[in-house]
Amino acid sequence: MLDISLNENEINFKDLEAEIYKLVCEEACKIMAQILMEIDDMLLEKRDKKEYRCKGKKHTNIKTIMGTVEFDKRIYEHINSEGKKEYVYLLDEYLKMDTIGHISTNLIEKVVENVTEMSYREAAKNIESLTNQSISHATAWNIIQKIGEKIAELEKQDIKLFKENKLRGEKETKILFQEMDGLWLSMQGKDRPKGKKSRGKKEIKLAVAYDGWVKRSPGSNEYITHNKIACAGFASSKEFKELVDATIAKEYNIDEIEIKIINGDGASWIKESLGEEGVYFQLDPFHKSQAVIRNVETKKMRTN
């Protein structure tokens, strides 16, 4: 508990708030550690003793928004379905601990929220000010890389399932609208393209699909897209088309789609689907106006 004396230096509310927050977080970490070890004890008793052989405890920790939780958990020897020996933590499986290294899911989410708005260094400082946890900008970068790898693996699985005709979404529509565009981003480190032509930039491909529009609210004159899905990536034209097709197939029953209208700037990768039955392309309003301005000399002629 805090030692407070009115005889010492003046105390202000800001410092008092910070000290109490830190104190409560430290106590919460102790409570969390105790609960985790109690669950681990219960799993020891309830496990299938023939299938899971306890091999002792391991001291570990997990970084959370409350601080670092230190605790012991048991490791078990287990024969998997392929007849191979493996070692598992029943506590991790029971609590579905989807961590990256020793970083908790909640802390990972905080990192992701911050790095979308600011640099890795600023994000690390912000995490430290908002939680009772300290991470470096390098740790924040590593977290994002690991998440990216997981997303890439999931996308590969979806593309594989799509090619095997095993994806079938529940939404149904006769017409599907797609909007596609590219955004050039300045890259850093090993991801930075070399050569004068690229100028250190790389194009990320963006795609959005939806089945129509609905009013933003009952009495509104504004409309929003309905059943919108999106995907993005640095993949080649062919690979990105496969990702778009798989993303659509996860949400929509593609057998019911009769017409696809693709809206974009006319880039070759956007027209990758042209030639397929029922697929049509239209130039988006901005690039349509841009084409008129570039090809029609006078303002008077442009408005006729």
Side-chain angles (χ1 to χ4, degrees), residues 18 21-22 25-26 28-29 32-33 36 58-71 73 89 91-93 95-160 181-208 229-237 239-240 242-244 246-247 269:
Y21 178 73
K22 182 179 179 182
C25 285
E26 289 173 353
C29 287
M32 174 68 84
L36 290 173
K58 177 183 177 182
H59 186 73
T60 188
N61 66 75
I62 182 168
K63 292 181 180 293
T64 75
I65 56 176
M66 303 174 294
T68 302
V69 178
E70 302 270 353
F71 64 103
K73 62 180 179 181
Y89 295 100
L91 181 66
D92 291 1
E93 294 181 357
L95 293 178
K96 299 180 177 64
M97 295 175 102
D98 187 17
T99 61
I100 293 179
H102 292 271
I103 313 293
S104 75
T105 303
N106 283 324
L107 186 55
I108 290 169
E109 289 177 356
K110 293 295 181 186
V111 172
V112 173
E113 288 172 8
N114 277 269
V115 298
T116 57
E117 302 291 337
M118 59 194 76
S119 69
Y120 289 109
R121 196 176 297 276
E122 290 172 332
K125 290 180 180 178
N126 203 36
I127 291 295
E128 187 172 356
S129 67
L130 293 174
T131 71
N132 192 43
Q133 186 60 258
S134 175
I135 64 169
S136 67
H137 68 278
T139 298
W141 185 88
N142 286 330
I143 288 172
I144 299 303
Q145 303 313 304
K146 291 294 183 182
I147 291 174
E149 290 171 6
K150 286 188 175 184
I151 291 173
E153 187 57 38
L154 290 173
E155 288 175 346
K156 287 180 181 179
Q157 292 176 16
D158 287 342
I159 291 172
K160 182 176 182 293
D181 202 357
L183 179 65
W184 289 90
L185 302 176
S186 296
M187 308 301 290
Q188 299 180 14
K190 65 178 182 180
D191 295 321
R192 185 179 177 85
K194 296 179 180 180
K196 293 182 179 180
K197 187 177 180 180
S198 66
R199 292 184 295 179
K201 293 186 176 183
K202 196 173 181 180
E203 184 184 34
I204 184 171
K205 298 176 176 66
L206 312 168
V208 174
I229 55 175
C231 60
F234 290 103
S236 66
S237 300
E239 291 171 338
F240 189 68
E242 291 175 344
L243 175 60
V244 173
T247 302
W269 67 266

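In what follows, residues are counted from 1 in the order of the sequence shown.
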(message) Nearest 0.5 Å, please: how far is CD1 in I100 from CD1 in I108?
(response) 4.0 Å
(message) Under a 3.5 Å distance rule, please check whether E70 uses its side chain to pair with a backbone N or O of N61 as donor and acceptor.
(response) no
(message) I'd like to know whether NZ of K125 has more than 12 heavy-atom contacts from other residues, nucleotides or ligands below 6.0 angstrom.
(response) no
(message) Using the rule given for side chain to side chain contact (heavy atoms under 4.5 Å, CB included), can you reason through L130 versus K110, listing the C-alpha separation, both sets of side-chain angles and the distance that settles it, and then say yes or no?
(response) CA-CA 9 Å; L130 293 174; K110 293 295 181 186; over 6 Å; no
(message) Please enumerate all residues that pass side-chain hydrogen bond (donor to acceptor under 3.5 Å, both in side chains) together with N142, with sequence neighbours excluded.
(response) none
(request) Give the intermediate values and the outcome of side chain to side chain contact (heavy atoms under 4.5 Å, CB included) for residues W141 and S136. (result) CA-CA 9 Å; W141 185 88; S136 67; over 6 Å; no
(request) Quick one: closest heavy-atom pair of H137 and A124, and the distance? (result) N-CB, 3.7 Å
(request) Determine whether more than 12 heavy atoms belonging to other residues, nucleotides or ligands lie under 6.0 Å from atom NZ of K150. (result) yes
(request) Report the distance from atom OG1 of T247 to atom CD of E242, rounding to the nearest 0.5 Å. (result) 11.5 Å
(message) Let me confirm one number: the CD-CG distance from E113 to N126, rounded to the nearest 0.5 Å.
(response) 10.5 Å
(message) Working to the nearest 0.5 angstrom, can you tell me the gap between K73 NZ and H59 NE2?
(response) 11.5 Å
(request) Please name all residues satisfying side-chain hydrogen bond (donor to acceptor under 3.5 Å, both in side chains) with S236, sequence neighbours left out, ordered by chain then number. (result) E239
(request) Could you walk me through whether I144 and Y120 pass the side chain to side chain contact (heavy atoms under 4.5 Å, CB included) test, one step at a time? (result) CA-CA 10 Å; I144 299 303; Y120 289 109; 3.7 Å; yes
(request) Could you please spell out the steps behind the side chain to side chain contact (heavy atoms under 4.5 Å, CB included) verdict for N132 and M66? (result) CA-CA 5 Å; N132 192 43; M66 303 174 294; 5.6 Å; no
(request) Kindly compute the distance separating CG (D181) from NZ (K205), expressed to the nearest 0.5 Å. (result) 11.5 Å
(message) Side chains of I143 and L107, heavy atoms from C-beta outward: is any pair under 4.5 Å?
(response) no
(message) So, taking the atom named CD1 in I103 and the one named OG1 in T68, what distance separates them when rounded to the nearest 0.5 Å?
(response) 8.0 Å
(request) Please confirm whether the backbone N or O of S104 pairs with a side-chain atom of T64, one donor and one acceptor, at under 3.5 Å? (result) no
